[in-house]
Amino acid sequence: IQYNLTILAIQEHTPWNRTLSDAEITSIERHFDKWGYFTSISKLQILIIDKKLTASHRESMIHNEGRIIESRFAISKTQNVIFLPVYGIPHSSGNVLNPDNEGSDENKKLGKMMVLRDQLKSIIHKAQQRSDIIYVLGDLQDTPDNSKLFHSGSCRIAKHPLGIVKTCENADLLCSIYQHSENMEKPIVSRHGTKGGRFIDGTYTCTQGMEKITGITIVKDTG
């Protein structure tokens, strides 16, 4: 890419049930400024941009408390790329609900998923109208399919019709993992738990975007 574009999006900066304090936010901003990065901190995600990219950076917008961060960059005089780090709504059956409030809790969850789907759908549609190269990446909370290639143990769940994966598929975006799955350890798992693991962290992109991905690595860690 002409401008040697590099970007790092770090999501879920704290456990889901706590919020960063003002002192923590100030500390993070000071550290990244010292290291030569701009940082945008939302309730749910952090976006980090190398200061060398300011000439090609066109805009960054935070949606839905950071469930979607929309950033556009120029990679040539006529071509832009849009990065959409996402943090999906958990919809696993493993989420224990209070029996007395199960119906209302489910309706609230579906309502949040519909809002996120509509926001992502609108952003992707506008990007496609501009002929931007599109990358939707992050915690999708869904697997690309329910085969054993993408899960281990009993940790499996079907794609949700309101989920990020289905939204990307409906927009004709492609899951980048399939192009490189032959070179990866099976099963391909990005999130491990007590019941096994699933591939829920990934990237969806257009045909042009797929051509620019040269490899994928999943770093094994404690989670």
Side-chain angles (χ1 to χ4, degrees), residues 1-16 18-88 116 119-141 164 167-168 171 173 175-177 190 200-206 208-219 221:
I1 297 178
Q2 182 177 345
Y3 295 116
N4 295 317
L5 185 65
T6 56
I7 183 170
L8 175 62
I10 299 181
Q11 58 177 23
E12 200 172 357
H13 42 65
T14 58
W16 66 270
R18 71 175 289 260
T19 302
L20 288 174
S21 67
D22 291 341
E24 287 172 318
I25 290 173
T26 299
S27 176
I28 291 170
E29 290 173 339
R30 285 176 178 171
H31 273 83
F32 282 112
D33 183 63
K34 179 180 68 176
W35 294 330
Y37 289 89
F38 288 114
T39 179
S40 297
I41 304 173
S42 68
K43 182 177 180 180
L44 296 170
Q45 294 194 90
I46 299 180
L47 177 72
I48 302 166
I49 302 172
D50 192 314
K51 287 185 177 179
K52 293 181 295 185
L53 300 180
T54 52
S56 55
H57 182 217
R58 294 294 173 261
E59 62 177 349
S60 287
M61 292 182 285
I62 294 174
H63 305 273
N64 200 340
E65 297 186 315
R67 286 206 178 274
I68 305 174
I69 300 181
E70 175 184 359
S71 292
R72 294 180 68 224
F73 293 82
I75 57 173
S76 73
K77 291 182 179 179
T78 58
Q79 182 69 70
N80 289 328
V81 60
I82 182 169
F83 291 97
L84 298 169
V86 294
Y87 183 30
L116 185 65
Q119 289 174 326
L120 182 59
K121 183 178 177 181
S122 175
I123 295 169
I124 291 173
H125 177 67
K126 291 176 183 177
Q128 288 174 328
Q129 288 185 316
R130 297 190 300 258
S131 298
D132 289 350
I133 296 175
I134 301 168
Y135 291 101
V136 181
L137 65 151
D139 191 341
L140 311 180
Q141 296 288 355
I164 291 170
T167 303
C168 291
L173 300 182
C175 180
S176 63
I177 198 72
S190 63
I200 66 172
D201 305 280
T203 301
Y204 276 77
T205 183
C206 55
Q208 276 183 291
M210 188 74 78
E211 293 169 352
K212 296 184 182 298
I213 298 175
T214 59
I216 295 172
T217 300
I218 296 177
V219 179
D221 57 19

Under a 3.5 Å distance rule, please check whether [X] uses its side chain to pair with a backbone N or O of [Y] as donor and acceptor.
| X | Y | result |
| --- | --- | --- |
| Arg72 | Ile82 | no |
| Ser122 | Gln119 | no |
| Thr39 | Phe32 | no |
| Gln128 | Ala171 | yes |
| Gln45 | Pro85 | yes |
| Ser27 | Ala23 | no |
| His31 | Asp33 | no |
| Glu211 | Cys206 | no |

Considering non-hydrogen atoms only, spot the tightest contact between [X] and [Y] and give its length.
| X | Y | result |
| --- | --- | --- |
| Leu47 | Ser71 | CD2-OG, 3.1 Å |
| Tyr37 | Ile48 | CD2-CG2, 3.3 Å |
| Thr203 | Tyr135 | CG2-CD2, 3.9 Å |
| Ser60 | Ile49 | OG-CD1, 4.0 Å |

First locate atom [atom1] of [X], then atom [atom2] of [Y], and finally report the distance between them rounded to the nearest 0.5 Å.
| X | Y | atom1 | atom2 | result |
| --- | --- | --- | --- | --- |
| Leu44 | Leu20 | CG | CG | 10.0 Å |
| Ile133 | Lys212 | CD1 | NZ | 5.0 Å |
| Asp139 | Asp201 | CG | CG | 5.0 Å |
| Ile124 | Glu70 | CD1 | CD | 10.5 Å |
| Ile213 | Thr205 | CD1 | OG1 | 5.5 Å |
| Gln208 | Asp132 | CD | CG | 10.0 Å |

Just so I know, are the side chains of [X] and [Y] near enough to count as touching, which here means a heavy-atom distance under 4.5 Å?
| X | Y | result |
| --- | --- | --- |
| Thr54 | Phe38 | yes |
| Ile123 | His63 | yes |
| Thr167 | Leu116 | no |

Inset, instruction - Could you walk me through whether Ser56 and Ile75 pass side-chain contact (heavy atoms from CB on, under 4.5 Å), step by step? - result: CA-CA 7 Å; Ser56 55; Ile75 57 173; over 6 Å; no
Legend entry - Over 12 foreign heavy atoms within 6.0 Å of NZ, Lys43: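 Check fails, neighbour count at 12 or below.
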Legend entry - Flag if over 12 foreign heavy atoms under 6.0 Å of CZ, Arg30: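 Not more than 12 within 6.0 Å, no.
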Legend entry - Test side-chain contact (heavy atoms from CB on, under 4.5 Å) applied to Thr14 and Thr19, step by step: CA-CA 7 Å; Thr14 58; Thr19 302; over 6 Å; no
Legend entry - Evaluation steps, side-chain contact (heavy atoms from CB on, under 4.5 Å), between Met210 and Ser176: CA-CA 6 Å; Met210 188 74 78; Ser176 63; 4.1 Å; yes
Legend entry - Salt-bridge present (Glu24, Arg18; N to O < 4.0 Å):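 Arg18 and Glu24: salt-bridged.
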Inset, instruction - Begin with the C-alpha distance, continue with both residues' side-chain angles, and end with the deciding distance and a verdict on side-chain contact (heavy atoms from CB on, under 4.5 Å) for Leu140 and Ile200. - result: CA-CA 5 Å; Leu140 311 180; Ile200 66 172; 5.6 Å; no
Inset, instruction - With Cys168 as reference, evaluate Val86, Val136, Ile134 under the side chain to side chain contact (heavy atoms under 4.5 Å, CB included) test and give the passing residue. - result: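 Exactly one candidate clears the test, Val136.
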